[in-house]
Amino acid sequence: MWEPGNTPEQDRFRKLREMSDSGISAYPNRVQRTHTVSQAIQTFEAAESSSETTEIQVTVCGRIVRQNLKGKVYFAHIEDGTGRVQLFVRIDHVGDEAYEAVKRYFDLGDFVQASGHMTRTRTGEISVLVHQITLLSKGLSPLPVIKEHVNEDGSVERYGEFSDTEERYRQRYADLAVNPETRSIFRKRALTVRALRHFLDEQDFLEVETPILQPIYGGAAARPFTTYHNQLHQDLFLRISFELYLKRLLVGMYDGVYEIGRDFRNEGVSFKHNPEFTQLEFYQAYTDYHGMMDVTERLVAYAAQQVTGSTTITFQGRTVDFTPPWNRITMREAIRQRCEIDYVEHPTADSLYQAIRAAGIEVSPNATWGKLVDHLLGTIVEPTLIQPTFILDYPRDISPLAKTVPDDKTHVERFEIFIGGMEVGNAFTELNDPLDQEARFAEMGKLYKDEDEEATPLDEDYLRAMRYGMPPCGGCGIGVDRLVMLFTDKSTIREVLLFPHLRER
RNA sequence: GGGUGUGUAGCUCAAUGGCAGAGCAGUAGCCUUUUAAGCUAUUGGUUAGAGGUUCGAGUCCUCUCACACUCACCA
């Protein structure tokens, strides 16, 4: 059983006991709200402007976010999800007994219900002149106290804050309760997902849900989380991508499908990696990666417009313009521009490794050729790509699910999207040749074998699906969290996750 | 995993190796139009944890824990 720790908690606990002793419920079952806070204000303002003389009676509910006991008058601001309004409580309006209860028991952070009529105080602030007020829910632990001062010019100065990063993440409820800007981040996150969904629905993509628990994981190179089904005596993996299931659905004659959901990767965390993250993947039949570029740039520009009101945003001090068309450049050219290395001239891992070292770039000596190329991209190209950019045509041996470029066996038709110095998306002309796919899986298995734990196990069922015939298609995955980082101008993924993963304390 | 940094009251922060402090919140009062209200008085600490050096440690040393930044890793 919880016991009060610090003094504020002890005081609140004592108040709770006293209320209980005098028969007042601190957590009543029923509320009688007639107006949200914003409805109350709007109704009053409408009545004012039409110069109606009838009083606007309201019952509003909310959390006490500011209070000022002034002898026989008590002012409080309460806040609900729609806004903030002042309560004006006078002892001669609510009676001695109720007023005494307010004085004795109400604290910042408590939820209350107040009935009265709308009025303006002497300073002109819209308020509820209260005739009845009750407690709806007693707060036993004190929230951080943040005071606001509104300047003449309307700007708001804040005094006191709840800014400890760790505590804000660990107690996100408290962060949300006292920091409106945190609430705003997650509204934008919801708008982002809504915009993506709306755009794809309008383009006749079908939203689907595929298994999160998978007997064989695949579609990406990452280490999975494992789990176990007791009754079936079966090992299961949490998915690392949706790809292989969504493409099965194209075999099943849907022309376009998409899924927005969670991926799980058992890897390091960083400012742009969380063990579980939200991904959008969409697949379209009868197109290729050129078609995916067209859809993707319109999709993201649309989302930016819906979320921020513009296709031009500021991210970490730089302007980012989502307006299509985006820059398109091949990976080979992008790397050559920045470090003079043409990896095609270094067709073996050893040769490329020497070239990279000669250019003074740190790199791991046991990497495969494809990983060396990818490393070059990640270290010298990625951080410079602030404006939305498609990097095209990736080395074949790190892309087993993409079709090769015609007349170029070393590259596949694949692009990644870079914005704000981060990778936010990945797409291919999807490989639909079942025999080639089988060979590529086998090749990957051989290439990575023991030294690479990310090697994808062979998915026979996926190959069987493809053997029934898969239409030519393009597919694209977009990291929704990173998109939200861009739209909310946050430099870490944790700021855009409600409950980011933290080590257990 | 490596490096750098941070951790003091519920919140935000001070404290040269020498009495652990402030503002806000809280508590007891005064105040019937306040809004960072004000005034008077006042409570609140395992200084992240464990060990060490020292007459004396929030401060110096070692280890542990957590977080931040960064490097490595990372389709």
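Throughout, protein chains are lettered first and strands after them, A, B, ... in sequence-line order, and every chain is numbered starting at 1. Values in this document were obtained by computation on a predicted structure and should not be read as measured data.
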Counterpart residues, ring-ring contact (aromatic ring centres under 6.0 Å, His included), relative to A:Tyr245 (two or more places apart): none

Residues that A:Glu438 engages under side-chain hydrogen bond (donor to acceptor under 3.5 Å, both in side chains), provided they are two or more places apart: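 Not a single residue meets the side-chain hydrogen bond (donor to acceptor under 3.5 Å, both in side chains) criterion with A:Glu438.
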
Taking only side-chain N and O atoms of [X], does any of them lie within less than 4.0 angstrom of OP1 or OP2 on [N]?
X        : N     : value
A:Gln67  : B:G26 : yes
A:Lys147 : B:A37 : yes
A:Lys371 : B:A75 : yes

Dot-bracket pairing map - RNA chain B, Watson-Crick plus G-U, both contacts under 3.5 Å, | cross-strand: (((((((..((((....[..)))).(((((.......))))).....(((((..]....))))))))))))....

Pair listing, ring pair (Phe, Tyr, Trp, His ring centres under 6.0 Å) test, anchored in residues 360-384 of chain A, at least two apart: A:Tyr343-A:Trp369

Those residues that, when tested against A:Thr278, pass side chain to side chain contact (heavy atoms under 4.5 Å, CB included) (two or more places apart): A:Arg189, A:Ile260, A:Arg262, A:Val480, A:Asp481

Sugar-phosphate, base or nothing in reach of A:Glu382, heavy atoms under 4.0 Å: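 Touches nothing.
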
Test ring pair (Phe, Tyr, Trp, His ring centres under 6.0 Å) applied to A:Phe75 and A:Phe88, step by step: CA-CA 5 Å; A:Phe75 292 96; A:Phe88 181 14; 4.8 Å; yes

Atom CG of A:Asp21 with >12 non-hydrogen neighbours under 6.0 angstrom: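 Yes, enclosed.
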
Positions of residues 414-422 of chain A (non-hydrogen atom under 4.0 Å from RNA chain B), listed by number: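 Nucleic-acid contacts, sorted: A:Arg414, A:Glu416.
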
